[in-house]
Amino acid sequence: MSLIKDGKYSPVDSGVIGELTEIMGSENVSFDPDKIRVYSRDEVGGQFWESDYLAEVVVFPRNTEQVSALMRLASRKVIAVTPRGAGTGLSGGAVPAFGGIVVSFEKMNRILECDPVNLTATVEPGVITAEICRAAMPYGLQYAGDPCSGDASFIGGNVAENAGGNKVIKYGATGANVLGLEVVLPSGEVTWFGGKRRKDVTGLDLVHLVAGSEGILCLITKVIVKLVPLPSCIVDLLVPFSTMEEAISFVPKILTESRIVPASIECMNKNSLKIVSRYIGSSLPFEEAGAHLIIQLEGNDPDSLADDYERLGQACLSSGALEVFVADNRNSRDRLWKARKSVAEAVMAFYTRYAKEDVVVPTSEVPELMREVDRICEHYGLEGVNYGHVGDGNIHVNLLMEEDRPDWKSVIESARMELYSVTARLGGTLSGEHGIGLKRKKYMTIFLDEAQIGLIRRIKKAFDPLGILNPGKIVD
Ligand SMILES: Cc1cc2nc3c(=O)[nH]c(=O)nc-3n(C[C@H](O)[C@H](O)[C@H](O)COP(=O)(O)OP(=O)(O)OC[C@H]3O[C@@H](n4cnc5c(N)ncnc54)[C@H](O)[C@@H]3O)c2cc1C
């Protein structure tokens, strides 16, 4: 599949190379085949693509002016451009589906300002998200939008994916934590959407149109994020239950009966715990339990936090919890979160044949979704490693094939289609945080009608009439 061949996009020829070198400097333009291969991938395994998608050149701009000049060149010549953050994406969003130029933002990695009066940080898109948290700490503040991949992924990639994470239930996903964006439009024009303002109804809310737009509308060159007070005490509860159903059914009671809004409510089924123990070489207690919840509480007064977790712990035990473990120091908390955050990597380390899904349903429907996932696994002879953000209904369903069957692709595809059909019936949707990208594009029509897909296409065209920015993603 090549639109270059079909004549839609121009190739990166020697004239383009000369201009790119002039814009960026030769040290920021790479044709090294090894680099091109690495920068043409994200975390979706290559076995899922029908073609070997490769960039023709990778560039590393250092500032907005260079990005703008690059886009003016790409528009003039009609060259495909794919923005790239850290490449931790799970939907092929940063894969250059039509070759052309990959723009890596790794050299635009400065924290420009922490502003403790407006409670904001202004950063470049290539800043590793966890670094924003570290920079805010001396001010007694935190950036609360960081996803589980926050130690590796970039803030620009997080905004482009509207990344979620484990604190969505209290603080919202990335978009809810972004106030302003400097962007370069495909034409090369530079503009700001939003700013250091908490309120803004002047024009349309373009900040939140761009959040989650997966790099198909514009390139993000600066981000103003919201900072919030850093709590002085944090406690994590690890709560094993005999069954996933019991664990999930308890979740709504945390908010209604205990009247507590935790920072996180995460779950891991038995298979998740097993695979992660094998991967990290240590296990959490009650490994044989059907499911574990991790509930994070935060506050500033240790006594009232202790009251909260004791009350919540009692409620857990009355609802069938096998035990309640309290992690109230850095070591025990790190150990617990290491296990939770390593499940995705463990799946990719041990399996090559799988569907790695990111469906989200209304929280009331999570128990039914999990029952259906068990049924699908049994029917197709697959292992279900299911875990994730149960507090907001976003479950990472991994349908894994143990044996290397020749028909693995079709079996997994049938299982995936059943999962999608169940998800749609339950009022859910295709992706909660990993995005559509290249990987899920063909399934969009299961969840969105033609009116909505047509509107997305027209919005894309309004931003990018030539179709040069991240072509092949979300919609054609
Ligand atoms: C182990 C693991 C755990 C993860 N946990 C989570 C999680 O908890 N929550 C979650 O939401 N995701 C998670 N992810 C997925 C991934 O980390 C997120 O999608 C993340 O936001 C991607 O950021 P990135 O910098 O790696 O972007 P990339 O993968 O490089 O790119 C992602 C998309 O953003 C676009 N893009 C990147 N930078 C820009 C820019 N400056 N301007 C315009 N477009 C841009 C790209 O074109 C692409 O479409 C996880 C992934 C892994 C491997």
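Whatever order the structure lists them in is the order used to number ligands and atoms, beginning at 1.
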Other residues, nucleotides, ligands: >12 heavy atoms within 6.0 Å of Arg457 CZ = yes
Going by an N to O cut-off under 4.0 Å, is there a salt bridge joining Lys196 and Glu113?
-> yes
Charged N to carboxylate O under 4.0 angstrom, Lys473 versus Glu214?
-> no
Taking atom CZ of Arg416 as the centre, report whether more than 12 heavy atoms of other residues, nucleotides or ligands fall under 6.0 Å from it.
-> yes
The answer, listing residues by chain and number that come under 4.0 Å of ligand 1 through any heavy atom, is Glu43, Pro83, Arg84, Gly85, Ala86, Gly87, Thr88, Gly89, Leu90, Gly93, Ala94, Phe105, Pro125, Pro147, Cys148, Ser149, Ser153, Phe154, Gly156, Gly157, Asn158, Ala160, Glu161, Ala163, Gly164, Gly165, Glu214, Gly215, Cys218, Leu219, Ile220, Ala344, Glu345, Glu433, His434, Asn470
Look at atom CZ of Arg37 and say whether more than 12 heavy atoms of other residues, nucleotides or ligands are closer to it than 6.0 Å.
-> no
Sequence neighbours left out, what passes ring pair (Phe, Tyr, Trp, His ring centres under 6.0 Å) with Phe60? Give chain and number order.
-> Tyr39
